[in-house]
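A, B, ... follow the sequence lines: proteins, then strands. Residue 1 opens every chain.
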Amino acid sequence: MITITFKDGNEKLYESGITVEEIAKDLSSSLKKNSVAGLVNDQLYDLNRPILTDAQLEIITKDHPQAFEVLNHSTAHLMAQAVKRLYPDAKFGVGPAIKDGFYYDIATEHVIREEDLPKIEQEMQRIIKQQESMTRFELTKEEAREKFKDDPYKLELIDELDDNEIISIYTQGEFIDLCRGGHVGNTRHIKHFKLLSIAGAYWRGDSERDMLQRIYGTSWFTKEDLAHHLTVLKERKERDHRKLGKELKIFELNKDAGQGLALWLPNGYTVRKVLEDYVYKLERKAGYYHISTPVLGTKKLYQISGHFDHYQDHMFPLMSRDGEDFVLRPMSCPHHMIVYKSDLRSYRDLPIRYAEIVTMHRYEASGALTGLERVRAMTLTDSHIFAREDQIKEEVLSAYKLILQAISDLGLAIDYVELALRDETKGKFHDNDQLWDLAERLMTELLEEEGIEYTAVKGEAAFYGPKIDIQVRTAMDHVITMSTVQLDFLLPERFDLTYIGKDGEKHRPVVIHRGLISTWERLMSILLEQYKGAFPTWLAPTQIKLIPVNNASHLEYVQRLHERFIDEDFRSDIDYREEKLGYKIREAQTQKVPYQLVVGDQEVTNKTVTYRKYGEKDQVTLPLDAFIDYMHDIIRTKK
RNA sequence: GCCGCAUUAGCUCCAACAGGUAGAGCAAUUCCAUGGUAAGGAAGAGGUUGCUGGUUCGAGUCCAGCAUGCGGCACCA
């Protein structure tokens with residue numbers, strides 16, 4: 001007999017070899033129904049894996065955070081078995097559970113296509129009906145090598161394990177897989193799944209190695225959950241900035257204009273201009289000074305900075321004139337270093353904060369280009385802060401706070417903050433231990449003192465220094481770096497930047513790179529998806545759409561209103577077309593204009609306006625001046 | 001860059017699918033209708049089916065290459 005201790009501290013005696021499923025059944029029938037796996041002494045156990053010794057047990061039920069993972073991992077195995085039946089030559093890579101489902105990497109002569117997915121699903125259903133037990137076995141490394149001798153990918157994984165490590169495998173019917181486990185015990189527990197897409201994926205994420213075929217899928221405990229997830233996926237597509245950008249005439253991508261070279265249409269540029277002005281003001285208030293430098297620079301400038309050697313793969317090729325080589329700049333740092341050097345600096349001058357609306361060009365791999373999210377020509381307000389060592393902490397903090405402000409004003413939310421530190425890899429990081437230690441200590445202290453939750457990641461620092469990255473999750477569920485504060489000890493050396501200290505001697509300043517809210521391109525893609533194209537009024541390309549009921553009798557008043565609105569700095573437009581009222585209203589709605597004003601006899605006679613706010617049903621009639629005050633208020637408060 | 005898929009009018013489209021030289025809705029144009037909160041009616045027009053070759057009596061349809069896009073992977077100091 002063995003003693004099982006439960007989460008609540010209760011103990012119970014069982015026969016050795018009892019399974020999680022049997023214990024669950026013993027406790028209650030509803031528990032049995034809801035159990036997915038068990039945590040035995042904090043180790044994941046399948047429902048049908050025997051427990052041999054005294055143990056602590058937590059039963060993982062369907063609502064447990066790990067349950068979804070176990071289910072999807074098992075579904076991946078189930079799919080692999082089905083694939084192996086249909087395409088017997090299939091070899092398998094890895095097949096883990098991921099955030100919303102699972103995938104399995106497969107090598108087979110057969111090119112798997114979209115139309116094969118229903119066939120694979122059918123085969124999976126068949127295996128479920130067969131109620132195959134998913135059973136765990138433990139082997140030595142040698143035995144495992146023998147079992148998987150025809151599976152080169154599995155062999156490679158086995159070879160990397162320690163010689164005396166116990167290796168577990170799972171069988172279900174004729175199918176065997178190398179696997180650490182945590183499974184649902186029997187294929188009959190898998191019910192509601194769908195295969196979603198096929199993609200290529202490099203073996204072990206290495207672009208030098210084989211490309212396998214990856215099938216993505218998703219698996220849920222209830223029909224409703226699956227249906228809900230599929231709806232979410234569909235709704236994501238409705239938010240796709242590429243679709244919205246076309247519908248709302250925000251930007252254009254055209255192969256003749258150039259791959260990854262976005263053209264901003266009037267609506268898009270209007271939003272961008274509002275953002276540019278907003279950032280300019282924000283930065284002025286925070287003590288930044290704006291400069292302007294060219295998109296072209298000499299090769300020499302980029303040799304001094306070191307980018308020419310380090311970054312060349314991401315740069316467009318050289319241009320030459322009059323015996324001088326030029327590059328299209330991929331960033332602004334080198335130019336800003338030169339600006340710093342344009343004058344002799346005293347310790348009293350620091351910190352100096354330069355900001356610039358920088359257009360830059362980067363050669364991005366063709367497969368990486370995605371709408372406005374990843375482009376080859378991009379513009380952002382870039383900034384470099386030149387500071388003394390004793391100012392680092394304060395300057396990083398104020399940059400961080402500025403970022404928070406911007407993210408909050410734009411109605412976005414931080415997903416997580418990452419502190420990227422160096423690791424021991426020699427050559428990967430600029431060699432200056434003393435400064436690295438100082439900088440990493442300061443940045444850590446700062447985050448701790450401010451009570452900012454962060455994830456420290458070793459080895460992710462920039463070549464030239466540690467950084468704080470602010471990650472945002474898009475409506476499309478992509479995590480991207482929105483903002484960044486990076487310390488740099490290298491550029492000041494390479495450009496021999498100095499300031500005169502109190503002691504009359506030359507000292508080296510530190511550079512802080514600050515990216516505020518990504519590039520306008522990427523920000524636009526995020527905002528479009530975030531707001532589903534319905535921009536808050538302060539950002540909307542058109543804030544007010546004026547719709548005369550009848551052009552002949554109301555247009556004159558409408559034009560007077562329009563002029564007044566323009567004088568008030570509202571972005572107003574008139575729908576002049578000779579169309580039915582309903583037709584013009586429909587267009588104002590589909591274009592998601594925040595304030596739609598229908599103007600007829602009533603408004604002309606009473607000198608009022610009647611508006612309907614986008615997304616609301618109610619019409620509101622106000623005296624003109626009251627409406628103007630209201631609009632100013634809405635815009636000022638960034639609603 | 002790599003794997004797979006796609007590309008038909010300004011936009012959208014599982015219109016054309018034994019290969020027989022293109023079809024709809026919306027938009028745009030003209031005419032009629034003058035309308036109070038999501039599509040009024042009519043007419044005409046709009047296409048070298050992404051590009052270049054090939055197979056064929058004949059190609060949107062089959063084949064090859066290229067371009068661009070999409071889903072991923074790799075990349076994103």
Quiz item: Base, sugar-phosphate, or nothing for Asp601(A), non-hydrogen atoms under 4.0 angstrom?
Solution: base
Quiz item: Counting any heavy atom closer than 4.0 Å, what does Glu578(A) reach on the DNA or RNA strands: base, sugar-phosphate only, or nothing?
Solution: base
Quiz item: Do Gln589(A) and U37(B) share a donor-acceptor pair, side chain to base, under 3.5 Å?
Solution: no
Quiz item: If you measure from the C1' atom in C70(B) to the same atom in A64(B), how many Å do you get, rounded?
Solution: 23 Å
Exercise. Mind calculating the distance between CD (Glu115(A)) and P (C5(B)) to the nearest angstrom?
Key: 9 Å
Quiz item: For Asn550(A) and Cys333(A), take the nucleotide of RNA chain B holding the closest heavy atom to each; which residue's nucleotide lies nearer the 5' end?
Solution: Asn550(A)
Quiz prompt | Rounded C1' spacing from G46(B) to G23(B) in Å | solution = 13 Å
Self-check item: Sequence-distant partners of His361(A), side chain to side chain donor-acceptor pair (under 3.5 Å), two or more places apart
Solution: none
Quiz item: With sugar-phosphate meaning primed atoms plus P, OP1 and OP2, does Ala199(A) contact a base, only sugar-phosphate, or nothing at under 4.0 Å between heavy atoms?
Solution: base
Quiz item: G40(B) pairs with which nucleotide, Watson-Crick or G-U wobble, both distances below 3.5 Å?
Solution: C32(B)
Quiz item: Which part of the nucleic acid does Tyr216(A) contact within heavy-atom distance under 4.0 Å: base, sugar-phosphate only, or nothing?
Solution: sugar-phosphate
Quiz item: What interatomic distance, in whole Å, is found between C1' of U21(B) and the corresponding atom of A67(B)?
Solution: 25 Å
Quiz item: How would you label the contact of Gly205(A) with the nucleic acid (heavy atoms, under 4.0 Å): base, sugar-phosphate, or nothing?
Solution: sugar-phosphate
Practice problem: Tell me what Glu579(A) touches on the nucleic acid: a base, only sugar-phosphate, or nothing, going by heavy atoms under 4.0 Å. | Solution: base
Practice problem: Report yes or no: do Thr610(A) and Gln619(A) form a side-chain donor-acceptor pair below 3.5 Å? | Solution: no
Quiz item: Within the structure shown, what part of the strands sits under 4.0 Å from Ala368(A) by heavy-atom distance: base, sugar-phosphate, or nothing?
Solution: base
Quiz prompt | Distance in Å, Leu490(A) CG paired with Asn432(A) CG, rounded so as to fall on 0.5 Å steps | solution = 9.5 Å
Exercise. Using the P atoms only, state how far C13(B) lies from G50(B), rounded to an integer number of Å.
Key: 15 Å
Quiz item: In Watson-Crick or G-U wobble terms, both distances under 3.5 Å, what is the partner of G4(B)?
Solution: C70(B)
Quiz prompt | Separation between the P atoms of A42(B) and U48(B), rounded to whole Å | solution = 28 Å
Quiz prompt | Donor/acceptor link under 3.5 angstrom from Tyr202(A) side chain onto base of G1(B) | solution = yes
Practice problem: Assign Ser553(A) to base, sugar-phosphate, or nothing according to its heavy-atom contacts below 4.0 angstrom with the strands shown. | Solution: nothing
Quiz item: With a non-hydrogen cut-off below 4.0 angstrom, is Gln213(A) in contact with a base, only sugar-phosphate, or nothing?
Solution: nothing
Practice problem: Tell me what Phe463(A) touches on the nucleic acid: a base, only sugar-phosphate, or nothing, going by heavy atoms under 4.0 Å. | Solution: sugar-phosphate
Practice problem: For A43(B) versus A24(B), give the span between their P atoms, rounded off to a whole number of Å. | Solution: 13 Å
Quiz item: Across the strands shown, which category fits Arg577(A) at heavy-atom distances under 4.0 angstrom: base, sugar-phosphate, nothing?
Solution: sugar-phosphate
Exercise. For G47(B) and C3(B), measure between their C1' atoms and round to the nearest Å.
Key: 33 Å
Practice problem: Decide yes or no, distance alone: a donor-acceptor N/O pair under 3.5 angstrom between the base of C75(B) and the side-chain of Arg374(A). | Solution: yes
Quiz item: Met331(A) near the nucleic acid: base, sugar-phosphate alone, or nothing, with a heavy-atom cut-off under 4.0 Å?
Solution: base
Quiz item: Which is true for Asn551(A) with a 4.0 Å heavy-atom rule: it touches a base, it touches only sugar-phosphate, or it touches nothing?
Solution: base
Quiz item: Are the aromatic ring centres of Tyr595(A) and Phe570(A) under 6.0 angstrom apart?
Solution: no
Quiz item: Phosphate oxygens OP1/OP2 of G69(B): is one of them under 4.0 Å from a side-chain N or O of Arg242(A)?
Solution: no
Quiz item: On a plain distance test, is the side chain of Glu603(A) in donor-acceptor contact with the base of G36(B) below 3.5 Å?
Solution: yes
Quiz item: Would you say G72(B) has OP1 or OP2 under 4.0 Å from some side-chain N or O of Ser197(A)?
Solution: no
Quiz item: Considering only the C1' atoms, how many Å lie between A22(B) and U8(B), rounded to the nearest integer?
Solution: 8 Å
Quiz item: When you check the side-chain N and O atoms of Gln596(A) and Gln589(A), is any donor under 3.5 Å from an acceptor?
Solution: yes
Practice problem: Send over the distance from Leu253(A) CG to G69(B) C1', rounded to a whole Å. | Solution: 10 Å
Quiz item: Does any pair with a residue in residues 414-438 of chain A pass ring-ring contact (aromatic ring centres under 6.0 Å, His included), and if so which ones, sequence neighbours excluded?
Solution: Phe429(A)-Trp436(A), Trp436(A)-Phe489(A)
Practice problem: Scan Lys617(A) against the nucleic acid and name what it touches under 4.0 Å (heavy atoms): base, sugar-phosphate only, or nothing. | Solution: nothing
Quiz prompt | Close aromatic pair by centroid cut-off 6.0 Å: Tyr311(A) and Phe463(A) | solution = no
